[in-house]
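In what follows, a single structure is set out as structure tokens and then discussed.
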Amino acid sequence: MKNTTHSKKESPVHDLRSAIDFLQTLPGEFVETNVEVDPEAELSGVYRYVGAGGTCERPTRKGPAMMFNNVKGYPGVRVVTGILSTRERTGHLLNCEPEKLGFLLKDSVQNPIPPVTIERGQAVCQEVIHLASDPDFDLRTLLPAPTNTEEDAGPYFTMGMCYASDPETGESNITIHRLCVQSRDELTMWLTPGRHIDAFRQKAEAAGKPLPISISIGVDPAISIAACFEPPTTPLGYDELNVAGALRGYPVELVNGITINEKAIAHAEIVIEGELLPNVRIREDQNTNTGKAMPEFPGYTGESKDELPVIKIKAITHRKNPILQTTLGPSGEHVNLAGIPTEASILDMVERAMPGRLLNVYAHNSGGGKLLAVLQFKKSSINDEGRQRQAALLAFSAFPELKHVILVDEDVDLFDTDDVLWAMQTRFQGDIDTINIPGVRCHPLDPSQTPEFSPHLLQVGTSCKVIFDCTVPFHLKHHFERSKFKKVDVKRFLPDFK
């Protein structure tokens, strides 16, 4: 089955291992080490320097993905991080130019390919089985969930694809949530309000029943990024695995669980099977009392939650010699996972409202892929004046957690922060080009969105959303033409120039 939305050669990537193999053929995209590393703070500390990027504490940089082959206390389990930590590498893995990734995902939402279920004997994720009913079962000694910093609430799985189904309709959803290891067979799960799996959990809890849930770790990058779509682009009942299928041009393969009535990603490295328990809550940092959770996308460590739902683990299955995939919360990987689906959502909504005017969108690194978007808008006539601001309003509707929008003209490279700031310095007047929208719900992890920060904010998670219109008024465009240089063939002077 071919993907009809993009004419491109077939990708060699179909799971995490083929993604790693592919990256090893590309210069500077993958490194590995055999030196023993401690999963408690040290592993993340190393990658912060190597290639985390994003909003991580400086010094950090954009760099290669990294495999740790020798994890202290866990022989036979490797840990990989940073698979999607640069936009360029994400483009390689999705077989798409980096600046066109938003369009690729938009088209994939519009041309879904549903997943299929295969027989258990064909699923590599079930090559090895550990049942929680066994007396020697202990999640904490089976899998090296990293502790990102020394003050984390505990070890976390940060790249687990959480898959569950509506107990009334049977419709399924896949998404990523922070999962903290609490005991030999328990995880806590933080669910941001409005997430689909939380809606499923609430329905099951109202009926006094547990919600079966699978957590697939180490999957095809197409699945990881598709799982990060949010409403309204993927409304309740839309299975994001449809998007992953469209990205590859063939269905994602699922397999029925060993111990639960739910499916998991058949080619995953590791699968945790469990149930979200009804009416059970525990404190996230009960084992450490740090008051902290883990580093999140804005670059700060979030506060631990006093009451979180509990996943009771029933089994762990995995491939032979499994690879545990992890990410740093403030890294460039989070930017791409969150930001590229955001771009697709904005492109889709604005294109339907005003075709041909929004040229591109960039969910900026500094906002963790969520808080800041740069919109490149083309005014073709005097009648387009003001429509750029309508596009910004639509962007807020397409992605409700967005806080700031910067509008630029078609001659500005929206992926070049220097160029965007140049437009702000030469095409922007603060008193007429700043549009404030106060008292709007945004993202609860932005630490400036509290009543303590501003008395105008009545609740945590509300914000003043702002549009910065850095576009030139249409009737003045001829006064703002950039200096034009002679076009030359640079390779005549520098043959190796790229």
Side-chain angles (χ1 to χ4, degrees), residues 1-30 51 53-54 62-65 82-113 176 219-230 233-234 240-252 325 327 331-351 358-365 369 373-376 398-399 413-416 498:
M1 187 179 297
K2 297 296 182 182
N3 187 337
T4 59
T5 63
H6 285 266
S7 57
K8 58 181 184 178
K9 62 182 180 180
E10 187 173 339
S11 171
V13 177
H14 56 85
D15 62 5
L16 179 63
R17 296 193 185 194
S18 58
I20 291 171
D21 290 343
F22 176 59
L23 292 180
Q24 288 178 315
T25 68
L26 305 175
E29 295 291 1
F30 187 85
K62 292 167 57 174
I83 293 291
L84 295 170
S85 68
T86 73
R87 195 177 185 95
E88 293 74 21
R89 185 152 62 249
T90 303
H92 287 311
L93 291 166
L94 296 182
N95 198 17
C96 177
E97 296 175 6
E99 65 273 15
K100 295 294 184 181
L101 285 165
F103 294 93
L104 173 67
L105 265 70
K106 175 179 75 72
D107 291 350
S108 296
V109 172
Q110 296 168 352
N111 297 274
I113 298 179
I176 302 174
V219 299
D220 181 344
I223 296 175
S224 301
I225 202 161
C228 294
F229 270 103
E230 297 180 12
T233 304
T234 54
E240 288 81 5
L241 290 179
N242 290 302
V243 180
L247 286 170
R248 291 296 180 220
Y250 50 82
V252 173
Q325 186 177 3
T327 191
S331 69
E333 188 157 37
H334 188 288
V335 172
N336 292 317
L337 285 167
I340 298 172
T342 296
E343 295 166 11
S345 297
I346 295 171
L347 285 165
D348 177 58
M349 185 167 283
V350 178
E351 178 63 19
L358 184 62
L359 302 183
N360 211 340
V361 180
Y362 173 38
H364 201 280
N365 278 19
V374 185
L375 274 59
Q376 186 186 51
F399 187 70
D413 182 353
L414 74 168
F415 296 102
D416 183 343
K498 292 182 180 179

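All residue numbers refer to positions in the sequence shown, counting from 1.
- Using a distance-only test at 3.5 Å, with no hydrogens or angles considered, a donor-acceptor pair links the side chain of Arg89 to the main chain of Gly82.
- Ring orientation note: the planes of Tyr362 and Phe415 are tilted relative to one another, at an angle of 30° to 60°.
- Between the side chains of Ser18 and Asp15, a donor-acceptor pair is found at a separation under 3.5 Å.
- Between Leu347 atom CG and Asn360 atom CG the span is 6.0 Å, to the nearest 0.5 Å.
- Here the NZ-CZ distance, from Lys62 to Arg87, works out to 9.5 Å after rounding to the nearest 0.5 Å.
- To the nearest 0.5 Å, atoms CE (Met349) and CZ (Phe399) are separated by 12.5 Å.
- Between Ser11 and Leu94, every side-chain heavy-atom pair lies at or beyond the 4.5 Å cut-off.
- Atom CD1 of Ile20 and atom CD of Glu29 lie 13.5 Å apart (nearest 0.5 Å).
- Under the 3.5 Å distance criterion, the side-chain polar atoms of Glu240 are left unmatched by any main-chain donor or acceptor of Ala226.
- Leu16 CG to Asp21 CG: the interatomic distance, rounded to the nearest 0.5 Å, is 9.5 Å.
- Under the 3.5 Å distance criterion, the side-chain polar atoms of Glu351 are left unmatched by any main-chain donor or acceptor of Leu358.
- Asp348 places no side-chain N or O within donor-acceptor distance of the main-chain N or O of Thr233, the cut-off being under 3.5 Å.
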